[in-house]
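The analysis underlying the following values was restricted to heavy atoms, covering all of them including side chains, and did not include hydrogens, waters or symmetry mates. Along the sequence shown, residues carry numbers from 1.
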Amino acid sequence: MINELGKKSRKGIIKSIFKVIMYWAVWVVLPVVVADLIISYNNEMEPSLLEDKIIISVLLVFTIIFLVVIVIKLVRLMGGLYKKNYMKAIDKALKTMTMEEIEEDYRLAENYGPSLKIGSKFTWFLKSSKEMVMLMNEDFVWAYENIDELKYSAYGIFTYFTIKKQYLMLVDRQNYMYSVRMKNMEIKNALTQYAVCCKYILNGYDEELERMRVKDFGRMVNMVDQRKREQKEREIAIQTYNRPKVDTTKSAKGFSLKL
């Protein structure tokens with residue numbers, strides 16, 4: 001399991017490095033080249049020394065920013081810092097269970113797209129930095145779907161196109177929010193799975209829950225703890241009801257007492 005998590009993290013980081021390079025080429029180099037061509041065309045000659053300096057300065061500043069991002073990712077990759085995200089959860093879990101139980105939960109966990117894996121006790125997912133994260137399900141308070149729409153329009157008159165990004169949002173007991181970009185059906189299936197395996201988690205978006213998270217998060221945690229206690233009581237009641245009844249009557253045939 002640990003080797004597989006490490007492999008996914010390394011693969012994700014390498015992909016993110018190539019994505020940064022692509023963004024640098026598309027959003028920095030290409031606009032600068034186009035701007036240089038436009039200036040040359042308008043002037044019908046080579047750009048002036050000042051214009052050249054401005055273009056080079058813009059290219060240099062943004063190149064340095066992208067290089068810093070790439071170096072940080074390479075340091076995390078080469079130094080193995082990406083392991084911290086899931087090793088911390090494993091160390092915490094080993095206080096109450098064995099490594100065999102953790103690996104068994106990982107083996108039986110269901111995949112919901114390439115970014116999410118849900119077991120009965122743990123959840124594994126790729127966060128925005130493309131590193132694997134492992135968290136105990138009992139640490140979650142709220143799970144819901146969030147949709148971001150990016151509209152590209154001309155002067156607000158008409159829209160060229162709209163990009164819709166869908167995320168599974170997970171809020172833990174420290175009010176830290178994790179977002180996992182997924183497809184709509186994958187998110188719905190994941191929320192259904194949480195409703196089955198973790199009935200105590202608040203499931204689905206609600207404006208009242210969002211206000212509570214912002215203004216009175218302690219109340220939200222107490223709600224989840226109360227749901228956990230109720231679920232535990234139901235499980236104990238079901239186990240007690242299904243427990244085989246022991247016949248306490250004993251047969252006295254063949255037994256006699258002589259005085």
Side-chain angles (χ1 to χ4, degrees), residues 1-2 4-6 8-9 12 82-129 131-146 166-206 209-210 212-213 217-239:
M1 179 195 74
I2 294 179
E4 187 173 342
L5 292 176
K8 287 183 177 180
S9 289
Y82 59 87
K83 298 177 182 178
K84 181 180 178 181
N85 289 319
Y86 53 84
M87 291 305 299
K88 184 178 179 180
I90 291 175
D91 292 339
K92 178 182 176 181
L94 286 174
K95 296 177 182 178
T96 56
M97 62 185 73
T98 64
M99 191 64 197
E100 289 74 17
E101 290 175 310
I102 299 173
E103 291 179 344
E104 180 73 4
D105 193 63
Y106 182 82
R107 187 179 65 82
L108 298 176
E110 293 286 339
N111 290 301
Y112 297 88
S115 302
L116 181 72
K117 194 178 182 75
I118 302 175
S120 61
K121 297 182 178 68
F122 300 94
T123 293
W124 297 264
F125 59 89
L126 278 171
K127 67 177 191 175
S128 56
S129 62
E131 297 177 14
M132 285 299 298
V133 175
M134 172 182 170
L135 294 170
M136 297 183 73
N137 290 340
E138 64 179 25
D139 288 337
F140 290 131
V141 173
W142 188 19
Y144 64 93
E145 179 183 12
N146 182 50
Q166 297 162 308
Y167 298 90
L168 172 67
M169 306 299 296
L170 299 169
V171 182
D172 68 9
R173 295 179 67 86
Q174 284 71 48
N175 203 4
Y176 189 88
M177 302 181 70
Y178 300 89
S179 61
V180 187
R181 189 175 180 184
M182 302 167 64
K183 296 179 181 178
N184 179 262
M185 189 53 63
E186 294 170 349
I187 295 174
K188 292 186 183 302
N189 291 337
L191 291 174
T192 301
Q193 176 62 16
Y194 280 126
V196 172
C197 72
C198 310
K199 296 181 175 65
Y200 49 85
I201 293 178
L202 300 173
N203 200 307
Y205 183 79
D206 185 272
L209 288 177
E210 176 60 17
M212 189 186 304
R213 185 191 69 81
F217 185 67
R219 181 184 166 200
M220 179 178 279
V221 174
N222 291 335
M223 285 175 59
V224 172
D225 289 341
Q226 178 63 28
R227 289 160 71 105
K228 281 182 182 179
R229 287 190 292 268
E230 292 173 354
Q231 180 177 338
K232 189 67 175 178
E233 290 171 358
R234 285 195 298 268
E235 292 173 353
I236 293 174
I238 292 172
Q239 291 174 1

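- No side-chain heavy atom of E186 sits under 4.5 Å from any side-chain heavy atom of L116.
- The CE atom of M177 sits 9.0 Å away from atom CG of L170, with the distance rounded to the nearest 0.5 Å.
- In this structure, the salt bridge (charged side-chain N to carboxylate O under 4.0 Å, His left out) partners of R213, at least two apart in sequence or on a different chain, are E210.
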Side-chain atoms of residues 89-96: list all donor-acceptor pairs with protein atoms under 3.5 Å, sequence neighbours left out, distances to 0.1 Å.
from	atom 1	to	atom 2	distance (Å)
K92	NZ	D139	OD1	3.4
K92	NZ	D139	OD2	2.9
T96	OG1	A93	O	3.3

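- Scanning for salt bridge (charged side-chain N to carboxylate O under 4.0 Å, His left out) contacts around E104 gives R107, with sequence neighbours left out.
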| For L209 and Y144, what are the C-alpha separation, side-chain angles and deciding distance, and is it a side chain to side chain contact (heavy atoms under 4.5 Å, CB included)? | CA-CA 11 Å; L209 288 177; Y144 64 93; over 6 Å; no

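- Applying the side-chain hydrogen bond (donor to acceptor under 3.5 Å, both in side chains) test to Y167 and every residue at least two apart in sequence or in another chain returns nothing.
- Counting only N and O atoms by type, the side chains of R229 and Q226 include a donor and acceptor under 3.5 Å apart.
- Two residues are said to be in side-chain contact when any heavy atoms from C-beta on lie closer than 4.5 Å; I118 and E110 fail this criterion.
- Listed here is the closest heavy atom pair of M169 and S179: SD-CB, 3.5 Å.
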| field | Criterion side chain to side chain contact (heavy atoms under 4.5 Å, CB included) on R234 and Q231, from CA distance to verdict | value | CA-CA 5 Å; R234 285 195 298 268; Q231 180 177 338; 3.8 Å; yes

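- When side chains are defined from C-beta on, Y205 does not count as touching E145, because their heavy atoms never get closer than 4.5 Å.
- Counting heavy atoms from C-beta on, the side chains of L168 and Y112 never come closer than 4.5 Å.
- Atom CE in M223 sits 4.5 Å away from atom CE in M212 (nearest 0.5 Å).
- Residues satisfying the salt bridge (charged side-chain N to carboxylate O under 4.0 Å, His left out) test with D225, not counting sequence neighbours, are R173.
- You'll find the side chain of Y194 reaches within 4.5 Å of the side chain of N137, heavy atoms only.
- To the nearest 0.5 angstrom, C198 atom SG is 8.0 Å from Q193 atom CD.
- The structure places CD1 of I201 at 13.0 Å from CH2 of W142, a figure rounded to the nearest 0.5 Å.
- Summarising the geometry of A195 relative to N203, their closest heavy-atom pair is N-ND2, 3.6 Å, with the distance given to 0.1 Å.
- T123 is not listed as a side-chain neighbour of K117, based on a closest heavy-atom distance of 4.5 Å or more.
- Counting heavy atoms from C-beta outward, F140 and V224 have side chains that stay 4.5 Å or more apart.
- Minimum interatomic distance between W124 and A109 (heavy atoms only, all atoms of both residues): CZ3-CB, 3.9 Å.
- Using a 4.5 Å heavy-atom threshold, the side chains of E138 and Y200 count as touching.
- In this structure, the side-chain hydrogen bond (donor to acceptor under 3.5 Å, both in side chains) partners of S120, at least two apart in sequence or on a different chain, are D105.
- M182 CE to S115 OG: the interatomic distance, rounded to the nearest 0.5 Å, is 7.0 Å.
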